Amino acid sequence: MRLNLTALPGDGVGPEVTDEALRVLETIAEVFGHQFNITRKPIGGAALLASKDPLPADTLQACLGSGAVLLGAVGGPAFDNFPSHLRPESGLLRLRRELGVFANLRPALCFAGLEDCSPLRAEVVRGTDVLIVRELLGGIYFGEPRSTQGSPGNRVAIDTMRYSEAEIERIARVAFELARSRRRKVTSVDKANVLDCSRLWREVVTRAGQQYSDVKLSHMYVDAAAMALVARPADFDVVLTENMFGDILSDQAGAVVGSLGMLGSASIGGAVGLFEPVHGSAPDIAGQGIANPVGAILAAAMLLRYSFKLETEAVCVESAVGGMLAKGFRTKDLAKAGESVLSTSAMGQKVAEAVRERAKPAGQKAAS
Ligand code: IPM
Ligand code: MN
């Protein structure tokens with residue numbers, strides 16, 4: 001297959017981890033006989049510095065014209081005091097909206113051998129395999145009005161949480177459908193004891209669930225869900241939730257399974273899919289070559305699966321990652337005292353080698 005993809009490395013550790021995800025994709029292309037045409041474009045702070053726009057028109061056009069978008073990360077402390085429309089994050093939010101990607105899938109899997117990397121006890125995290133289905137284009141991230149008014153000392157800031165029945169219904173369907181290919185359990189997370197949006201959410205999700213009688217639906221308040229996610233993470237299958245709750249719970253899920261650096265995500269449901277690691281730009285470690293590229297690599301696997309329908313290739317990447325972790329290869333975020341540590345690019349190379357090894361016909365495999 002010939003496939004076009006746009007790479008948006010962005011800020012902080014974004015370029016470092018994106019390079020490794022692209023390395024793995026190029027290896028996949030080579031061993032499975034595909035051709036990926038990769039166009040790199042600026043986004044976020046990198047684009048702001050170059051063109052005063054966190055999502056330049058040229059970047060957006062490239063994304064809309066390609067088969068999938070792979071993004072690194074956006075943001076950095078240099079932009080903290082910029083007005084909201086001139087922050088790196090606003091470029092990413094606009095991109096999500098322009099692409100129409102309302103469904104954000106964030107799997108958090110505790111890979112075998114990584115139980116000891118979690119701050120939780122190994123027996124608590126073992127077997128954790130959660131898929132957070134986060135609504136990505138609604139809620140308080142996009143609701144109007146929003147403003148800060150008044151004079152310093154007396155200012156008032158307003159954000160609006162807003163959901164329509166149609167927005168809730170379409171994300172609920174995504175969660176129920178995905179649950180059918182997993183353990184058939186959906187936990188819908190809301191704050192229906194306080195928020196109108198959440199009461200509507202619960203009602204619409206319950207109604208949608210009636211068409212999926214083979215899937216077990218339960219509801220939790222977000223505070224209780226946050227607790228349960230650390231107390232008994234392995235009990236969750238699909239977690240369905242709104243935009244901001246999903247943002248918060250997915251970082252938490254990252255720590256539960258060993259490191260936020262391990263999580264990839266797929267944003268789908270629109271014209272073109274967008275794939276990014278769940279972690280941010282991590283300015284504290286940017287440029288040091290120590291970031292964990294696995295989140296970006298797993299995002300690339302999801303790109304193969306959801307945008308290019310290359311399931312075998314996606315599984316190959318995921319099993320290459322699992323294999324490397326099982327062999328004990330660790331980046332700094334995962335390593336314990338005394339364990340040797342791989343750099344970002346060394347980890348990417350290990351995964352690429354494992355992809356190559358797995359893709360060989362059985363007869364050619366080195367005896368080991
Ligand atoms: C994420 C990020 C983004 C979000 C930021 C960078 C806008 O935290 O993808 O989780 O809040 O959605
Ligand atoms: Mn986040």
Side-chain angles (χ1 to χ4, degrees), residues 8-15 17-18 21 42-48 53-55 59 63 69-80 82-108 130-143 146 159 161 163 167 171 189 222 225-226 229 239 241-257 259-270 273-284 286 291-292 295-296 298-300 302-303 333:
L8 310 176
D11 306 322
V13 298
V17 299
T18 303
I43 191 170
L48 264 173
D53 183 351
L55 180 65
T59 296
C63 293
V69 180
L70 183 70
L71 184 136
V74 297
F79 308 98
D80 277 353
F82 281 46
S84 55
H85 69 285
L86 284 182
R87 290 185 58 118
E89 291 83 356
S90 77
L92 174 56
L93 296 177
R94 240 169 67 213
L95 177 63
R96 289 172 177 170
R97 200 178 54 208
E98 297 281 354
L99 296 179
V101 287
F102 68 87
N104 182 217
L105 318 184
R106 301 190 153 189
V130 191
L131 173 64
I132 296 180
V133 176
R134 169 188 178 194
E135 199 292 325
L136 201 59
L137 296 183
I140 202 164
Y141 271 60
F142 291 94
R146 55 184 304 161
D159 293 283
M161 187 183 271
Y163 268 107
E167 285 171 313
I171 191 69
V189 172
V222 63
L229 194 58
V239 170
T241 193
E242 66 90 45
N243 205 344
M244 186 167 64
F245 297 161
D247 178 47
I248 297 167
L249 293 178
S250 56
D251 271 36
Q252 189 184 344
V256 167
V257 298
S259 166
L260 183 52
M262 295 290 300
L263 268 52
S265 88
S267 302
I268 57 174
L274 171 64
F275 302 84
E276 26 172 337
V278 172
H279 65 72
S281 59
D284 53 324
N292 185 347
L298 291 175
M302 295 173 93
L303 176 153
D333 53 321

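In listed order, ligands and their atoms are each counted from 1. For clarity, every value in this text was computed on a predicted model and none was experimentally measured.
To the nearest 0.5 Å, atom CG of residue Leu105 and atom CG of residue Leu136 are 10.0 Å apart. Note that the CZ atom of Arg134 and the CE atom of Met244 stand 10.0 Å from one another [nearest 0.5 Å]. With rounding to the nearest 0.5 angstrom, the CG atom of Leu55 is 5.0 Å from the CD1 atom of Ile43. In this structure, Asn243 CG and Ile140 CD1 are separated by 10.0 Å, a value rounded to the nearest 0.5 Å.
Between Arg96 and ligand 1, at least one pair of N/O atoms sits closer than 3.5 Å. Residue Glu89 has no nitrogen or oxygen atom sitting less than 3.5 Å from a nitrogen or oxygen atom of ligand 1, judged on distance alone.
Within the 4.0 Å heavy-atom cutoff, Arg134 counts among the residues contacting ligand 1. Not a single heavy atom of His279 lies less than 4.0 angstrom from ligand 1. Heavy-atom distances between Met244 and ligand 1 stay at or above 4.0 Å for every pair.
Protein heavy atom closest to atom 4 (C) of ligand 1, with residue, atom name and distance, is Tyr141 OH, 3.5 Å. Nearest non-hydrogen protein atom to atom 10 (O) of ligand 1 is Asp247 OD1, 2.8 Å. Nearest protein heavy-atom neighbour of atom 1 (C) of ligand 1: Arg106 NH2, 3.3 Å.
None of the N, O or S atoms belonging to Asp251 lies under 2.8 Å away from the Mn ion (ligand 2).
The shortest side-chain heavy-atom distance between Leu8 and Cys63 falls under the 4.5 Å cut-off. In this structure, the side chains of Val257 and Leu263 come closer than 4.5 Å at one or more pairs of heavy atoms. With contacts defined as side-chain heavy-atom distances shorter than 4.5 Å, the pair His279/Asn292 does not qualify.
Among heteroatoms of the N, O or S kind in Asp247, OD1 lies nearest the Mn ion (ligand 2).
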